[in-house]
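See structure below.
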There are 2 protein chains.
Amino acid sequence: MKQQGETGGRTRNGWEALARERIDRSSFVPPYYQLAQIIERHVRSGDFGPGDMLPPEAELARMFGISRMTVRKSIEKLAQLGLVTASQGRGTFVNQPPLEHATFSLREFAEDMQARGLRPSCRLLEAKVMRAPAEVASKLNLDPGRRVLFVRRLLYADDEPMVYDRKYLRYDRGQPILEAELEYMNLPAVMARHSDVLPSDSRFVVRVARCSHEEAALLGVEPDSPAFQVEQFVHSADGSLVGWGILVYRGDRYYFTSLPRLLR
Amino acid sequence: MKQQGETGGRTRNGWEALARERIDRSSFVPPYYQLAQIIERHVRSGDFGPGDMLPPEAELARMFGISRMTVRKSIEKLAQLGLVTASQGRGTFVNQPPLEHATFSLREFAEDMQARGLRPSCRLLEAKVMRAPAEVASKLNLDPGRRVLFVRRLLYADDEPMVYDRKYLRYDRGQPILEAELEYMNLPAVMARHSDVLPSDSRFVVRVARCSHEEAALLGVEPDSPAFQVEQFVHSADGSLVGWGILVYRGDRYYFTSLPRLLR
DNA sequence: AAGTGGTCTAGACCACCCT
DNA sequence: GGGTGGTCTAGACCACTTT
């Protein structure tokens, strides 16, 4: 098993370099976090290269005068970052820098806009109880003709339309629809009032698509202009589908940014 | 502090329901994972509703006859799922079901295609050392006219073009370019050979855009058809930009799927 | 002051991998 | 068989929040 190597003229001196580091017991930063930072620095600087094995947990505990459980907490952070991979019975190994990997997040609209420094607002275009279209009934596993709650909203950023949101939700209880609850659209609360099943999880598919005339008119963009088309599937705890929707995000204003890989 | 409540006619009886559960010490599933599953079930079923406090860690340890460290490991998993949030000094609280939240991942192309059941392949269109265009030189913080490595590739899925990849990379060493290394395009290895700085991280921005004529011709789609345009920024450990690229993903074939929120 | 989560310890045994 | 990571224990002290 290769433990240390050399590439491209760069020397790797992981153990020696690590051995010179110390945990500052007087710091407010807890030891597990200090150790994670120390190892991260030595990995990113190349003292440990891709494929190299880190010193065993017991050895790190000895080197830094901390317990093994504390060492494990450090390494777990680094593993979450994708920097190293622990392998039972073998050791903990440095990964290739994940240059072709990244994660993105889709966030609740208002929160998302606030994070981007824009002021979110919302206009309820329509909310009605209707007989489920055949396509929707089959998706939601309802008898054809069963009633569903249909909601259309336009979501604004700094008073400009950004997202066109259409959703079909299970409607089992005959409760009257309150405009107020749909403006803010706390989806779990809405479904708790109108549906017999508790929503538990959403899955999404993001595609690109050309705006229809309707979508373009509402969003204030040219017909056929490209946009993010986000399909939403709301599931209950037992896995059945209890809501389905399409969100169209303006392609000329909206974008996704990969999440920073930080030590948390 | 509200600890238990009632909503929409559903009763919440978290503590009593939890108290009836047991850890199976003969199971191969470790206790921390069993407890995480137990709590997840009672949260998703509504025994604990949004805002409710879970029993304190010490109480859970007592209830299930396990140590507090083990309880903490269970709760940490649930916190990673976004199901609960622990708050020092206050307690651990159930979140709203994250119906409007999701995460996506951008993966290395071959890995991505394999996961989708497609056979990845690659064609190197061009690889050359060139004077950095002004725009690129300023991005990579190079003197104007410095040489950079420019690579154009077409990435195929089941022998159909899927992604058009163009990248500019730092080129400091004058090493000859080997076609083979660019076919597989292990980016860290390529940069280790040709650059003096170690790449450490990538950041991405995903936009929608219409294909240019060049892009459309290479991808085999109509000009102006919508596509995912992924901008890549490759950083070194010290934060400086050492690579920049644009990847165009076919809009008619490619899509992103949100990651399942699973207990790992 | 009491209750909560956050961190740490110094052990222990186990499952797994390699030789 | 020896070395590795995975899990667990039974405590301890601390930081923070609420009463």
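A note on names: the letters A, B, ... follow the listed sequences, proteins ahead of strands, and every chain is numbered from 1.
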Side chain to side chain contact (heavy atoms under 4.5 Å, CB included) with B/Arg264: which residues, sequence neighbours excluded?
none

On DNA chain C, compare the nucleotides closest to A/Pro30 and B/Ala86; which residue's is nearer the 5' end?
B/Ala86

Going by the rule salt bridge (charged side-chain N to carboxylate O under 4.0 Å, His left out), which residues pair with [X] if we only count those two or more places apart in sequence or in a different chain?
| X | answer |
| --- | --- |
| A/Asp172 | A/Arg146, A/Arg170 |
| B/Arg41 | B/Glu21 |
| A/Glu40 | A/Arg44 |
| B/Asp24 | none |

Could you check how far [atom1] of [X] sits from [atom2] of [N], rounded to whole Å?
| X | N | atom1 | atom2 | answer |
| --- | --- | --- | --- | --- |
| A/Gln88 | C/dC17 | CD | C1' | 9 Å |
| A/Arg90 | C/dC17 | CZ | P | 9 Å |
| A/Phe93 | D/dG5 | CZ | C1' | 10 Å |
| A/Tyr32 | D/dC13 | OH | P | 21 Å |
| B/Glu57 | D/dA10 | CD | P | 17 Å |

D/dG5 OP1/OP2 closer than 4.0 Å to side-chain N/O of A/Thr92:
yes

Looking only at side-chain atoms of B/Arg25, point me to the closest of D/dT9, C/dG5, C/dC17.
D/dT9

Any chance the side chains of A/Tyr254 and A/Asp112 put a donor and an acceptor closer than 3.5 Å?
yes

Close approaches to DNA chain C from residues 58-80 of chain B, in residue order (heavy atom, under 4.0 Å):
B/Arg68, B/Met69, B/Arg72

Residue mapping more 5' on DNA chain D - nearest nucleotide basis, A/Phe28 or A/Gly89
A/Gly89

